[in-house]
Amino acid sequence: MVQKRIIKVLLVLLSAMMAVTVLAKLSAKSWLGTNESFKYGFSLPGAALILLLALIVLLIFAGVFMLSKNPKYQGWLRFGILAMIVLVMVGGTIVIPFKPVFDSLAVNQQAVRLAEGHLQWPEYFSVFGNNVAITLLLAALDWPVHTLINTPEHWLLYNALIGQVLTFLSIYTLGDLVRRYVSERAEILFFLATLGMPVYLVQFGQVAYSDNIGWALAIFGIALILNAFERKGSRFILPALGGALLLGLAILVRANVAVVVVVIIGGLLLTQLSEWRKTLVLVLLIVIGLLGAQQAIKAGETFTQYNPKTTAEMPLESWFLTAYYDGGRNGEAINEITDKYTNYDQRKAYIRKMLMKKIDKMGPIGVIELWRSKTNILYGWSTDFGMDNFRKFRTAQEKSTHYFNKLMKKIIVISQATMTAMMVGTIFIWLVPIGESKARTSFVVLIAGFFVAMTYFYVLLWEVQENYAMMPILPLLITGVIGWQALWNRVQRK
């Protein structure tokens, strides 16, 4: 009984945190006038129109939800929506062939060089050592075809296909989890919500980088771990070990996956208290998986002769610095702080000092306003999910630019409407009944926890870019679907 009450309180708390996120979004930009997108690349409609479109999205969802009540339509709906998702992904890859930019371009180019046997590392990887693991992993995926591909454009296409395949498998895996732990109708609605996020399907997957590859590994690991907790005795070990290894590798590829791991451990301890021994074993396996993945990466570093310059290495605190200074990691104010000392310990101490000084200068009101602003960058009315930041293409620059200008504004508006509809739905997650199924309760707590944890990680501790919404978006969509379905069920019972 106490455990159920604690879970209920947690769901209410998660709902409240989601409500704060929605309020931060509602307080942004113009309601009736136009909103300028990131870097003023697009003129987007006001918030009132987005809300109207979100209402239309909900009406479409209601129609599909009612249609899926008949079991004979469920298979066709599921297949049809998945087919359209594939069509959008393939069409986007052909019509708007996005080219990696900034960090992702550096990673893609270095992975190709390593796959072709050029064992030299640019100084960039001494500064951003966090991108070494993803580079080695991508190089390992590139190596089997290194004798078949000999042009930069084809290499980027090959890596884009890797990203798109992993993105689709991530969507499919999460859909399967929704079907198993919520319902087949909820799975159909999740796929429909994903189809309503064309910005996710067209752009995010095409850029093979740590966010989509690391997140895919994490999703596969989560699926294996949830499967393991349904097994008895020694049958638990193999899928749990597989999931732990994938999560360990995912953490090295994308460090903020560690936030997801904390949610998994905490969520399982809370919702599966009687299985606490399994959770402790899982913690041990994740540590083993992380250490094993670390050794594999170190072996890769040795083989490829990675030897970073210690004078260029940045401490972890430098990332926290970007959370509270304008201009991002390469802004003038930040560079002035990080470049003051070349000694690692001096640099670390100075960065920490300047970070505390900045927060103290901002004061509570300034900090809260910054958090609101960062939330709006992730989910606000004028965000374009980094689309204008990615106005580079692998081939046919003129033709691709034409389709980009013609289609991207529509893609952004459709995605905004769907995301807004689902964000409002997340507030109702507290209505989910507790105790009907232990596995279902675990899944709901975990998926809602992922969305909240990733959102507040970026808002409170890290820098924010529009495309950083990639990792929280799928948990957001699932949480929204579960929330709306819980509200529907509550209304039906009354």
Would Ser68 and Glu184 count as a side chain to side chain donor-acceptor pair (under 3.5 Å) here? Give the steps.
CA-CA 9 Å; Ser68 65; Glu184 289 192 28; over 6 Å; no

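- You'll find the side chain of Leu224 stays beyond 4.5 Å of the side chain of Leu241, heavy atoms only.
- Thr418 contributes no side-chain N or O that, together with a main-chain N or O of Ser415, makes up a donor-acceptor pair within less than 3.5 Å.
- Atom CG of Leu446 sits about 9.5 Å away from atom CD1 of Ile225, to the nearest 0.5 Å.
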Please lay out, stage by stage, how Tyr458 and Gln465 fare under the test side chain to side chain donor-acceptor pair (under 3.5 Å).
CA-CA 9 Å; Tyr458 284 124; Gln465 297 177 17; over 6 Å; no

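- The structure places CG of Leu269 at 10.5 Å from OG of Ser442, a figure rounded to the nearest 0.5 Å.
- Looking at Ser126, its side chain never comes within 3.5 Å of a backbone N or O of Pro308 through a donor-acceptor pair.
- The ring of Trp121 has its center closer than 6.0 angstrom to the ring center of Phe125.
- Annotation for Leu477 and Met422: closest pair CD2-CG, 3.6 Å, computed over non-hydrogen atoms.
- A salt bridge is absent between Lys348 and Asp345; no separation between the charged side-chain nitrogens and carboxylate oxygens falls under 4.0 Å.
- Cation-pi check for Arg185 over Tyr73 is not met; the charged atom does not lie both under 6.0 angstrom from the ring centroid and within 45 degrees of its normal.
- Here the OG1-CD distance, from Thr304 to Gln110, works out to 8.0 Å after rounding to the nearest 0.5 Å.
- Across Trp462 and Phe320, no two heavy atoms sit closer than the pair CZ3-CE2, 3.7 Å.
- Tyr200 and Phe204 have their aromatic ring centers within a separation under 6.0 angstrom.
- The shortest heavy-atom contact between Ala439 and Gln272 is CA-NE2, 4.3 Å.
- The closest side-chain donor-acceptor pair between Asp103 and Tyr124 falls under 3.5 angstrom.
- Pairing each heavy atom of Leu460 with each of Tyr324, the nearest pair is O-OH, 2.7 Å.
- A cation-pi arrangement, defined by a distance under 6.0 Å to the six-membered ring centre and an angle within 45 degrees of its axis, is absent between Lys374 and Tyr379.
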Kindly determine whether Trp430 and Leu14 satisfy side chain to side chain contact (heavy atoms under 4.5 Å, CB included), including the steps that lead there.
CA-CA 8 Å; Trp430 67 276; Leu14 290 173; over 6 Å; no

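- Although no hydrogens or angles enter the test, the distance criterion places no donor-acceptor pair under 3.5 Å between the side chain of Asn227 and the main chain of Ala223.
- Side-chain atoms of Ser15 come within 3.5 Å of backbone atoms of Ile427 as a donor-acceptor pair (strictly under, hydrogens ignored).
- Ring-centre distance between Tyr456 and Trp371: not below the 6.0 Å cut-off.
- In this structure a side-chain-to-backbone donor-acceptor pair under 3.5 Å is missing from Ser373 to Glu369.
- Here the closest non-hydrogen pair linking Phe168 and Val86 is CE1-CG2, 3.5 Å.
- By the 30° and 60° cut-offs, the orientation of the rings of Phe191 relative to Tyr172 is parallel.
- Heavy atoms only, all atoms of each residue included: Pro472 and Ala469 are closest at CD-O, 3.0 Å.
- Ring centers of Phe236 and Phe229: under 6.0 Å apart, within the cut-off.
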